[in-house]
Amino acid sequence: MGTAVPYLTVQTDGSLLLRLHVQPRAAQNRIAGLQGEALKLRLSAPPVDGKANKAVLAYLASLLSLPKSALSLKSGQQSRQKTVRITGAGEALIRQILAPYC
């Protein structure tokens with residue numbers, strides 16, 4: 001599938017893990033390139049009462065044209081470093097959608 005991208009990992013069950021570095025309280029929701037081996041995601045939501053976590057999933061679902069139920073937060077509930085599990089989408093499609101941001 002082309003060059004490996006450090007922020008996206010294919011699991012044995014076919015799901016994908018997307019590593020993110022989240023910056024809450026930004027001016028707007030957008031992907032801002034890479035931060036180390038993670039995709040940097042700026043969110044306008046504050047990191048209070050799970051609002052930023054919900055915003056991560058909602059933003060990615062919209063960006064990837066997937067239902068919110070296809071995404072879940074695997075790790076990083078209380079951290080800026082988050083891992084999102086994506087089901088029901090192929091690696092090639094996700095790479096294609098995210099490539100312009102990197």
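In what follows, every heavy atom counts, from backbone to side chain, and hydrogens, waters and symmetry copies are set aside.
Scanning both residues, Asp13 and Arg85, for their nearest heavy atoms gives OD2-NH2, 2.7 Å. The heavy-atom pair separating Asn29 from Ser44 by the smallest distance is OD1-N, 2.7 Å. Between Leu16 and Ala89, the closest heavy-atom pair is CD1-O, 3.8 Å. The two residues Arg19 and Leu8 come nearest to each other via the heavy atoms NH2-N, 4.4 Å. A pairwise comparison of heavy atoms in Leu39 and Cys102 identifies CD1-SG, 3.4 Å as the closest pair. Between Ser15 and Thr87, the shortest heavy-atom distance links the atoms CB-CG2, 3.9 Å.
Distance alone, capped at 3.5 Å, places no donor-acceptor pair between the Asp49 side chain and the Lys51 backbone.
Side-chain atoms of Leu41 and Gln23, non-hydrogen and from C-beta on, never get closer than 4.5 Å to each other. You'll find the side chain of Leu34 reaches within 4.5 Å of the side chain of Tyr7, heavy atoms only.
When Lys40, Gln81, Arg80 are each tested for a side chain to side chain donor-acceptor pair (under 3.5 Å) with His21, only one passes: Gln81. With Leu18 as the fixed residue, the side-chain contact (heavy atoms from CB on, under 4.5 Å) test singles out one of Leu98, Ile94, Thr9: Leu98.
Under the 4.5 Å side-chain contact rule for hydrophobic residues, Leu17 and Ile31 do not share a cluster.
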- Does the side-chain contact (heavy atoms from CB on, under 4.5 Å) test come out yes or no for Gln11 and Ile86, once each step is laid out? CA-CA 10 Å; Gln11 299 300 287; Ile86 303 168; over 6 Å; no

Show me the donor-acceptor pairs, under 3.5 Å and distance only, between side chains in residues 59-78 and residues at least two apart or in other chains.
unit_1 : atom_1 : unit_2 : atom_2 : d
Ser75  : OG     : Thr83  : OG1    : 3.2

